[in-house]
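We name chains A, B, ... by the order of the sequence lines, and we start the count at 1 in each one.
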There are 2 protein chains.
Amino acid sequence: MRGTAEMQMQDKEPAAPQRYPQGEVSRVPTRCASCNLHDLCLPCGLSGQDLDRIEELVYTRKRLDRGENLYRAGDDFSSLYAVRSGFFKTVQTLEDGREQVTGFHMAGEIMGMDGIGPETHSGSAVALEDSEVCVIPYSRLEKLGREMPQFHHQFHKVMSREIVQERSVMLLLGTMRAEERLAAFLLNLSQRFTARGYSASEFYLRMTREEIGSYLGLKLETVSRAFSRFQEDGLISVHQKHIQILDVLGLRRCMGQKSD
Amino acid sequence: MRGTAEMQMQDKEPAAPQRYPQGEVSRVPTRCASCNLHDLCLPCGLSGQDLDRIEELVYTRKRLDRGENLYRAGDDFSSLYAVRSGFFKTVQTLEDGREQVTGFHMAGEIMGMDGIGPETHSGSAVALEDSEVCVIPYSRLEKLGREMPQFHHQFHKVMSREIVQERSVMLLLGTMRAEERLAAFLLNLSQRFTARGYSASEFYLRMTREEIGSYLGLKLETVSRAFSRFQEDGLISVHQKHIQILDVLGLRRCMGQKSD
DNA sequence: CGGGGATTTGACACATATCAAGAGCGGTGG
DNA sequence: CCACCGCTCTTGATATGTGTCAAATCCCCG
């Protein structure tokens with residue numbers, strides 16, 4: 001269970017926000033084959049030769065400062081984006097101005113698929129810390145898909161998983177109570193950090209209570225109270241954005257306690 | 001704005017549940033090119049010659065009785081399904097047994113995309129009236145996609161729109177109050193019936209109050225009260241499952257009345 | 001005509017929102 | 001280096017929307 005060869009991040013380190021010196025240009029290789037995220041990201045599951053072909057996919061990286069928009073609702077759609085490093089939120093806005101966070105995105109995850117159908121992004125993506133994304137021109141993705149059945153299928157899987165993921169959020173929003181939602185949220189984050197070689201039990205939140213609340217369909221005060229409650233119950237320890245999960249099973253149990 | 005040539009259903013008739021005599025085998029053509037739904041369904045936007053090629057796509061139709069499952073959570077994934085006639089709900093279940101309706105599906109809409117990623121369906125699909133679906137083997141869809149760029153792209157669009165649609169439900173569940181949710185729901189149904197050539201202002205609900213509630217994250221009593229409220233306010237008229245929308249603008253207004 | 005599920009409606013309970021105040025922390029500028 | 005400012009977070013008191021429980025009615029279907 002130790003970090004595998006291609007997993008070059010150190011295990012058990014809490015994932016902490018990073019800051020890149022302004023203006024520095026990324027010199028890490030742009031090729032998917034040598035990217036340590038390749039088995040979390042789009043190329044996941046591709047074999048050696050296919051993996052090499054894939055390098056035509058990404059021809060640009062883009063660096064974003066914290067708070068910067070990767071794209072905005074209404075922007076023309078042209079590319080998908082894979083998070084290379086950093087952390088993002090995606091936001092959806094209603095005509096009357098109400099808005100909701102519809103997702104948080106970390107290394108290896110794909111953003112922008114909402115734009116393919118309408119040819120315009122229906123929501124916005126914002127960097128929550130200084131971040132870097134791989135720009136994947138959609139036209140190139142389609143072309144590669146045609147030439148490489150494996151990759152074609154892989155992309156469908158990624159979209160499909162996005163659909164499944166969103167359905168589970170619908171379930172969360174539709175059937176869970178506040179503390180259950182927060183528990184589910186923390187466990188989900190923990191699991192995703194684990195998959196990236198970071199500690200499962202200790203991490204830094206990149207988002208504010210308000211953003212968590214927006215995502216979970218709660219007000220920030222309710223989120224804060226739930227955090228406090230978990231802490232009182234010894235399930236977690238919270239210091240600002242620093243979270244330690246002390247009792248995973250307790251959190252799990254807390255998710256399934258609805259009588260109905 | 002009259003029904004176009006390929007739109008052969010009569011306009012302004014309330015869409016009513018249909019019953020096929022048991023055992024009757026569908027003799028309507030299985031070819032997409034001659035299906036009156038082709039511009040709502042997967043082939044939407046394809047030109048003449050491409051449209052002809054598409055007929056390799058569907059080689060089976062499947063008839064379902066009301067209440068029957070098209071697929072269940074955990075079933076192996078092999079095909080997508082296009083609703084040919086009738087009405088479906090898709091349901092997602094939590095480990096602890098709680099479940100939620102994640103969507104309602106009518107003619108021309110595609111179900112089953114949740115299965116591609118996990119290779120297993122994550123939720124179930126149930127016919128809410130006697131229905132018929134076109135079975136689209138996924139392998140065939142991939143193959144056609146490789147050969148026909150237009151179709152390839154079209155499928156991505158369909159998946160993308162599913163993602164967008166689900167995000168708007170997340171918004172509904174996360175930010176709207178009960179009456180807003182129901183108003184949004186009715187307007188959405190109305191719009192989809194309209195696209196199919198049925199009346200925008202008069203239709204029959206295929207689902208129970210409980211199913212509506214499940215979809216909207218509300219209890220059935222709350223749904224019932226909201227219906228009554230709308231009726232008192234002269235926005236709609238309700239008799240059991242028969243709905244008449246009397247004041248579209250009123251319903252729209254009702255959706256955007258949150259101060260926050 | 002009878003039975004059972006679906007729907008409506010009322011009374012009440014409860015979870016979460018709202019409003020408000022204060023504390024903690026980080027960044028900026030003196 | 002310290003003080004101040006603004007933002008985020010916490011916590012309390014109260015309001016309110018929706019859930020829960022219960023009973024009556026409606027309606028479809030056998």
Side-chain angles (χ1 to χ4, degrees), chain A residues 16-17 19 22 65-67 89 98 100-101 128-130 172-183 185 204-233 236-243 254 257-260, chain B residues 16-17 19 22 65-67 89 98 100-101 128-130 172-183 185 204-233 236-243 254 257-260:
Chain A
R19 287 210 152 257
Q22 252 305 72
D65 288 338
R66 173 181 175 172
K89 66 172 177 183
R98 276 181 280 180
Q100 179 168 18
V101 172
L128 293 182
E129 63 186 33
D130 294 358
L172 178 148
L173 291 170
T175 72
M176 292 186 178
R177 308 175 40 246
E179 292 183 9
E180 299 181 277
R181 295 185 199 188
L182 188 65
F185 172 70
Y204 288 90
L205 297 173
R206 269 70 169 183
M207 67 296 279
T208 65
R209 304 287 189 258
E210 184 165 20
E211 286 162 335
I212 296 174
S214 172
Y215 179 61
L216 299 177
L218 302 169
K219 293 296 164 182
L220 68 98
E221 294 95 327
T222 306
V223 173
S224 178
R225 279 186 244 270
F227 270 125
S228 302
R229 188 83 207 294
F230 285 166
Q231 183 152 245
E232 278 168 34
D233 295 353
I236 64 176
S237 123
V238 194
H239 290 99
Q240 296 293 121
K241 312 228 178 206
H242 180 239
I243 303 286
C254 155
Q257 61 191 6
K258 189 76 180 291
S259 61
D260 176 49
Chain B
R19 291 213 149 253
Q22 253 305 76
D65 289 338
R66 174 180 173 172
K89 67 172 176 182
R98 278 180 279 180
Q100 179 167 19
V101 172
L128 292 183
E129 63 186 31
D130 294 358
L172 178 148
L173 291 170
T175 71
M176 292 187 176
R177 297 158 14 68
E179 292 183 9
E180 299 181 277
R181 296 185 198 188
L182 188 64
F185 173 69
Y204 287 90
L205 298 172
R206 270 68 169 184
M207 67 298 279
T208 65
R209 303 287 190 257
E210 184 166 19
E211 286 162 335
I212 297 174
S214 172
Y215 179 62
L216 299 177
L218 302 169
K219 293 294 163 183
L220 67 97
E221 294 95 328
T222 306
V223 173
S224 178
R225 279 185 243 272
F227 270 125
S228 302
R229 187 81 207 293
F230 284 166
Q231 184 152 244
E232 277 168 34
D233 295 353
I236 65 176
S237 123
V238 194
H239 292 99
Q240 298 292 119
K241 310 228 177 207
H242 180 240
I243 303 286
C254 156
Q257 63 190 6
K258 188 77 180 292
S259 60
D260 175 52

**Item:** Gap between atoms CE and P, on Met176(B) and dT18(D) respectively (whole Å)
**Value:** 13 Å
**Item:** Distance test, side-chain N/O of Thr222(B) to OP1/OP2 of dG19(D), below 4.0 Å
**Value:** yes
**Prompt:** What is the minimum heavy-atom distance between Leu182(B) and Ala226(B), and which atoms define it?
**Reply:** CD2-CB, 3.6 Å
**Asked** What about Glu221(B): does its side chain form a donor-acceptor pair under 3.5 Å with the base of dC21(D)?
**Response** yes
**Message:** Using whole Å, what does the distance between atom P of nucleotide dG17(D) and atom CD of Glu180(B) come to?
**Reply:** 12 Å
**Message:** Once you apply a heavy-atom cut-off of 4.0 Å, does Gly213(A) come out as touching a base, just sugar-phosphate, or nothing?
**Reply:** nothing
**Message:** Rounded to whole Å, please give me the gap between CD1 in Ile212(B) and P in dA6(C).
**Reply:** 13 Å
**Asked** NE2 of His239(A) versus P of dT10(D): gap in Å, rounded?
**Response** 11 Å
**Length of the CG-P vector between Leu128(B) and dG5(C), whole Å** = 18 Å
**Spacing of CZ belonging to Arg181(B) relative to OG1 belonging to Thr175(B), to within rounding of 0.5 Å** = 8.0 Å
**Message:** Within the 4.0 Å heavy-atom criterion, would you say Leu218(A) contacts the bases, only the backbone, or no part of the nucleic acid?
**Reply:** sugar-phosphate
**Asked** Is the distance from OP1 or OP2 of dT10(D) to the nearest side-chain N or O of Ser228(A) less than 4.0 Å?
**Response** no
**Asked** Is a donor-acceptor contact shorter than 3.5 angstrom present between the side chain of Arg209(B) and the base of dG5(C)?
**Response** no
**Prompt:** Tell me: NZ of Lys219(B) to P of dC14(C), nearest whole Å?
**Reply:** 16 Å
**Message:** A quick test of your reading: do over 12 heavy atoms of other residues, nucleotides or ligands sit less than 6.0 Å from CD of Gln231(B)?
**Reply:** yes
**Asked** So which nucleotide from dT20(D), dT16(C), dT10(D) ends up closest to the side chain of Leu220(A)?
**Response** dT10(D)
**Prompt:** With sugar-phosphate meaning primed atoms plus P, OP1 and OP2, does Ser224(A) contact a base, only sugar-phosphate, or nothing at under 4.0 Å between heavy atoms?
**Reply:** base
**Most 5' of Gln240(A) and Val223(A) on DNA chain C, judged by nearest nucleotide** = Val223(A)
**Prompt:** For DNA chain D, whose closest nucleotide is more 5', that of Lys241(A) or that of Arg225(A)?
**Reply:** Lys241(A)
**Prompt:** Whole-Å distance between dC9(D) P and Leu182(A) CG?
**Reply:** 13 Å
**Request:** Please confirm whether the backbone N or O of Arg66(A) pairs with a side-chain atom of Asp130(A), one donor and one acceptor, at under 3.5 Å?
**Result:** yes
**Asked** Atom CD of Glu210(A) and atom P of dC9(D): how far apart are they, to the nearest Å?
**Response** 9 Å
**Asked** Counting distance only, does the side-chain N/O of Lys219(A) pair as donor-acceptor with the main-chain N or O of Gly213(A) below 3.5 Å?
**Response** no
